[in-house]
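Read the structure below first, then the notes.
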Number of protein chains: 2
Amino acid sequence: MATTLTEENYLKAIYHISHTYGDVVSTNAIAEKVDAKASSVTDMLKKLADKQLLDYIKYKGASLTEKGRKTAIDIIRKHRLWEVFLVEKLKFSWDEVHEVAEQLEHIKSPKLTKELDAFLGFPKHDPHGDPIPNADGYIHRTNKIMLSHAEVGKTYTCVGVIDSSSEFLKYLDKHHIGIGTKLVVVEKEAFDQSMLIKIASKTVAMSKAITTNIYIKEQ
Amino acid sequence: MATTLTEENYLKAIYHISHTYGDVVSTNAIAEKVDAKASSVTDMLKKLADKQLLDYIKYKGASLTEKGRKTAIDIIRKHRLWEVFLVEKLKFSWDEVHEVAEQLEHIKSPKLTKELDAFLGFPKHDPHGDPIPNADGYIHRTNKIMLSHAEVGKTYTCVGVIDSSSEFLKYLDKHHIGIGTKLVVVEKEAFDQSMLIKIASKTVAMSKAITTNIYIKEQ
DNA sequence: TTATATTTTTAGACTAATCTAAAAATATAA
DNA sequence: TTATATTTTTAGATTAGTCTAAAAATATAA
Ligand SMILES: [Mn+2]
Ligand SMILES: [Mn+2]
Ligand SMILES: [Mn+2]
Ligand SMILES: [Mn+2]
């Protein structure tokens, strides 16, 4: 049974929520993510359960079945491949790609996905540092930490962002921070958990709202 | 007002019909093209007329307004650009691209269209020889004729196809006919209008059903 | 020019996805 | 452990797009 665009968006939302907050996902959490009312979500959960894409227990919540998880990952794979295409081939900047990828991820053609992947040289990460699932749905996760958990004096490499809104990405651009940028932790302020970060030669003060949205790895 | 995918498909259908059969298009002609019942078409014509995308007179037919024509051409432009992308960059063959382009043509992002066009080197024709409208909606039409109207003894170049179904394109592949192939008219059979065509060193007999679906130009 | 055939529209119903308002279930707190 | 708050579901509507069946308009043919 073919999935509709809307169903795919629900599955993706549920996948992302369960990844952060655990397997069973609440109606309200989904409603917030897909920007719909809880009553609409209830209807959709029944439909997705009928299609064996998730298990749903009234008043308890929903959890993706293997079939549902596979479907969600396929959409995410396409989303991230298209983002790479837009940045690498079409001169989009990393803050412009999400909206378009949100549309392109729903194009149905296994050959297209396969050939796009090959054309891009089988990229491992999207422009925001998120891993690209392979054709079998396997996601290679590297051990990254949040900048907020970094230690003073050490040097790190930026490997990803959590918030990939245009506003946040433009903030990073302004301070010349991108995937691969070296960051040195100069100081941590105990009072508000803000940090002083040295990028190239400049030192920037970053609030907790910033440092909890940047992924880094050591060295 | 944003157009839906369905509206765009109707506009495209009406554009193509009016291009062949004249400005005013009948409900039944549209119904056949979009594979829907006449009653559904009537409903849609009312909606498109409300949106000023076409003029509609009950029982008389519909004709695109300038706004509707522009919208249709933009979809056709995207369709053909994507077809070029699939063939030139992703190793699709010319008989595999239409279905996918049918989906991709509805992606809404002016920047995407613009950058894709540039990435492809501003192509003038799609893989089936159809002209690609420019960003302003201008379509450069070259003077091409049907193979069925060719003269015996003359040499022509294949510049396009009318039927771009997979079956027909595979027939052409089998006989090594593509855009740019030289064709020599050896003989015309008056009885059934079939033709003997020399391609490279081989001579092939083609029925009228074939020769009325191939566009050529002299030389 | 009247009868018949064809085309087109209307009427009413269906599905997918959504909403608001009210009811029911569950969680929390006195 | 009973009352209150929160979450979730149900009931009933709405919109887009579609359908079938019937009615109305137009075209064709005797
Ligand atoms: Mn994205
Ligand atoms: Mn999406
Ligand atoms: Mn096509
Ligand atoms: Mn289409």
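Lettering of chains follows the sequences in order, A, B, ..., and the numbering in each one begins at 1. Computed from a predicted structure; not experimentally measured.
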Choose from [options] the nucleotide whose nearest atom is closest to any side-chain atom of [X].
| X | options | answer |
| --- | --- | --- |
| Thr6(A) | dT20(C), dT8(D), dT18(C) | dT18(C) |
| Ser40(A) | dT8(D), dC19(C), dT9(C) | dC19(C) |
| Ser39(B) | dT9(D), dA11(C), dT8(C) | dA11(C) |

**Prompt:** What orientation do Phe85(A) and Trp82(B) show, parallel under 30°, tilted 30 to 60°, or perpendicular over 60°?
**Reply:**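 Tilted.
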When you measure from the side-chain N and O atoms of [X] to the phosphate of [N], is any distance below 4.0 Å, counting only OP1 and OP2?
| X | N | result |
| --- | --- | --- |
| Asn28(B) | dT6(C) | no |
| Lys60(B) | dT7(C) | no |
| Lys58(A) | dT10(D) | yes |
| Thr27(B) | dT9(C) | yes |

**Asked** Counting only non-hydrogen atoms, which of residues 29-37 of chain A are less than 4.0 Å from DNA chain D?
**Response**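 Contacts with DNA chain D under 4.0 Å: none.
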**Asked** By a strict heavy-atom criterion of less than 4.0 Å, which residues belonging to residues 10-25 of chain B are in contact with DNA chain D?
**Response**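 The stretch gives Tyr10(B) as the residues lying under 4.0 Å from the strand, ordered by number.
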**Prompt:** To the nearest angstrom, how far is Leu48(B) atom CG from dA16(D) atom C1'?
**Reply:** 12 Å
**Fill in**
Separation of dA16(C) atom P from Glu7(A) atom CD, nearest Å, is 9 Å
**Fill in**
In DNA chain D, consecutive runs of at least three Watson-Crick or G-U pairs below 3.5 Å, as range with range, amount to C:1-30 with D:1-30
**Complete:** Comparing nearest nucleotides in DNA chain C, the 5'-proximal residue of the pair Thr4(A), Thr42(B) is Thr42(B)
